[in-house]
K.L.:
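To start, I am sharing the structure in question, which I have written as structure tokens.
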Amino acid sequence: MGAAATKQGRGVIARYREFLPVSDATPLVSLGEGDTPLIFSPRLSEHVGGGCEVFVKYEGLNPTGSFKDRGMTVAVSKAVERGARALICASTGNTSASAAAYAARAGIECAVILPAGKIARGKLLQAFVYGAKIVTIDGNFDEALRIVRELGDAGEFVIVNSINPDRIAGQKTAAFEIVDLLGDAPDVHMLPVGNAGNITAYWAGYREFYSGKKAETLPAMVGFQASGAAPIYHNRTIDNPETIASAIRIGNPASWKQARAAIEESRGAIGIVSDEEILAAQTWLARNEGIFVEPASAASIAGLLKCCEKDNAAFALRKIREGSRIVCTVTGHGLKDPDAIGCKIDSPRDGFAVANNRDVVEPKIDSVRRALGF
Ligand code: F0G
């Protein structure tokens with residue numbers, strides 16, 4: 001096995017060390033994150049048409065089920081190197097799950113500040129099981145982040161939100177993996193946007209490989225926000241953001257300026273998708289490509305579908321070059337948020353609640369056949 005191959009699956013620091021702010025003095029806190037599949041998606045490709053190829057970067061297959069692990073391995077390794085005893089973050093759920101896991105791995109404390117009642121069940125469960133100290137506030141993510149910044153400034157904790165540059169550095173590795181696999185950057189990269197750290201990180205990663213001659217091109221970066229939580233799209237803070245995609249329920253993103261720069265420099269766009277479009281895309285992706293993602297992640301797919309259909313969409317896919325390659329990042333695993341699906345459709349044919357509580361049939365082949373309706 002070659003050196004590159006042996007580094008695969010051992011985490012993003014082992015694989016991309018030379019591009020990350022680590023040295024021999026940095027203890028490696030890793031759970032083998034990264035190296036997630038870039039799944040060619042025939043039905044999405046067909047949908048776009050023009051010989052375009054669509055790939056889904058399935059970040060739900062990271063150790064805690066979201067892309068946050070890429071940045072967390074770097075942030076926590078650096079925090080331990082600097083002698084940190086405790087981490088802190090505000091979160092809509094995934095950052096807290098990831099921080100809690102990496103803190104457990106490092107043997108240090110972790111405090112997570114969460115908006116009460118707005119964290120998907122699976123994510124809250126993760127923070128609890130990994131042993132984090134959980135505080136829920138009667139406020140939203142933006143207010144939680146404000147408190148976290150103050151606690152971090154007081155020197156009691158190391159902040160592991162994406163305002164910590166080590167997080168962004170680690171998250172760049174997703175762009176590296178895509179370039180390494182495709183042999184170049186894609187033409188278009190679509191992703192959901194919440195606190196805007198990820199779009200910032202991808203753009204930094206693509207630019208770094210471009211200037212280091214590992215890629216010949218740069219993609220257009222196209223971000224999607226939920227229509228009830230779209231500060232960048234509307235160019236104003238949203239005091240009471242609302243969306244079923246709780247991961248991106250954010251009204252004042254920390255990396256707002258960097259996201260704007262990524263969109264402008266890459267000649268990309270920012271678009272919005274409604275909760276209905278998000279939930280429809282989530283089910284569509286599961287049923288047509290076999291990929292189950294959480295609602296926020298489906299925003300990139302909803303955005304792609306919208307860009308195919310509407311001339312006035314954020315980014316007109318009808319006008320892109322034939323044979324273009326499009327990557328959509330899906331950021332978190334579908335099992336993190338079962339309630340979003342459960343409450344979704346209650347039609348007798350499709351409803352999850354109905355499927356779950358459906359009348360029990362006799363253990364006889366004829367009864368089962370009849371129940372199947374085939
Ligand atoms: N998708 C998921 C599943 C997320 O959890 C997040 C952010 C995003 C997309 C947006 O990424 O913030 O870098 O623009 N979740 C954060 C959290 C805010 O606390 O877990 P972003």
Side-chain angles (χ1 to χ4, degrees), residues 36 57-62 64-72 75 88-101 112-115 118-120 122-124 126-127 132 140-145 148 159-164 167-168 170-172 174-175 190-205 221-226 229-233 241 243-260 262-263 270 273 278 281-282 292-303 328-337 340:
T36 55
K57 182 69 169 159
Y58 193 18
E59 290 287 276
L61 293 193
N62 276 295
T64 76
S66 86
F67 70 99
K68 306 286 179 180
D69 297 342
R70 293 179 182 277
M72 208 54 76
I88 194 165
C89 66
S91 185
T92 56
N94 281 322
T95 298
S96 50
S98 184
V112 306
I113 316 298
L114 309 173
K118 298 294 179 186
I119 305 297
K123 302 175 191 179
L124 193 55
Q126 285 180 293
N140 61 29
F141 169 84
D142 304 292
E143 291 166 291
L145 185 57
V148 162
I159 300 174
V160 292
N161 281 102
S162 57
I163 53 174
N164 178 335
R167 276 275 314 278
I168 303 289
Q171 282 174 213
K172 287 187 306 195
M190 298 188 157
L191 76 173
V193 173
N195 211 26
N198 213 25
I199 191 168
T200 302
Y202 268 102
W203 182 235
M221 300 298 304
V222 183
F224 292 97
Q225 299 192 298
I232 301 178
Y233 178 82
T243 167
I244 185 124
S246 57
I248 51 171
R249 188 173 166 272
I250 294 175
N252 187 12
S255 300
W256 190 326
K257 273 203 199 108
Q258 296 89 321
R260 266 268 153 239
I263 291 157
I270 184 88
V273 284
I278 286 172
Q282 182 189 33
F292 181 28
V293 303
E294 66 167 284
S297 310
S300 60
I301 306 300
C328 292
T329 295
V330 291
T331 41
H333 202 287
L335 290 173
K336 281 180 171 267
D337 191 1

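Just so it is clear, the structure is predicted and the values come from calculations on it, not from any experiment. Whatever order the structure lists them in is the order used to number ligands and atoms, beginning at 1.
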K.L.:
In a check of side chain to side chain contact (heavy atoms under 4.5 Å, CB included) between Ile119 and each of Asp337, Val112, Leu114, which one passes?
P.N.:
Leu114
K.L.:
Give, for atom CG of Asn198 and atom CD of Gln171, the distance between the pair rounded to the nearest 0.5 Å.
P.N.:
5.0 Å
K.L.:
Working to the nearest 0.5 angstrom, can you tell me the gap between Asn140 CG and Asp142 CG?
P.N.:
4.5 Å
K.L.:
Who's touching ligand 1 if we go heavy atoms under 4.0 Å?
P.N.:
Phe67, Lys68, Ser91, Thr92, Gly93, Asn94, Thr95, Pro192, Val193, Gly194, Asn195, Ala196, Gly197, Asn198, Ala247, Ile248, Ile250, Glu294, Ala296, Ser297, Thr331
K.L.:
Quick check on side chain to side chain donor-acceptor pair (under 3.5 Å): which of Glu59, Glu294, Lys68 does Asn94 satisfy it with?
P.N.:
Glu294
K.L.:
Roughly how far, to the nearest 0.5 Å, is CZ of Arg167 from NZ of Lys172?
P.N.:
14.0 Å
K.L.:
Roughly how far, to the nearest 0.5 Å, is the CE atom of Met221 from the CE atom of Met190?
P.N.:
10.5 Å
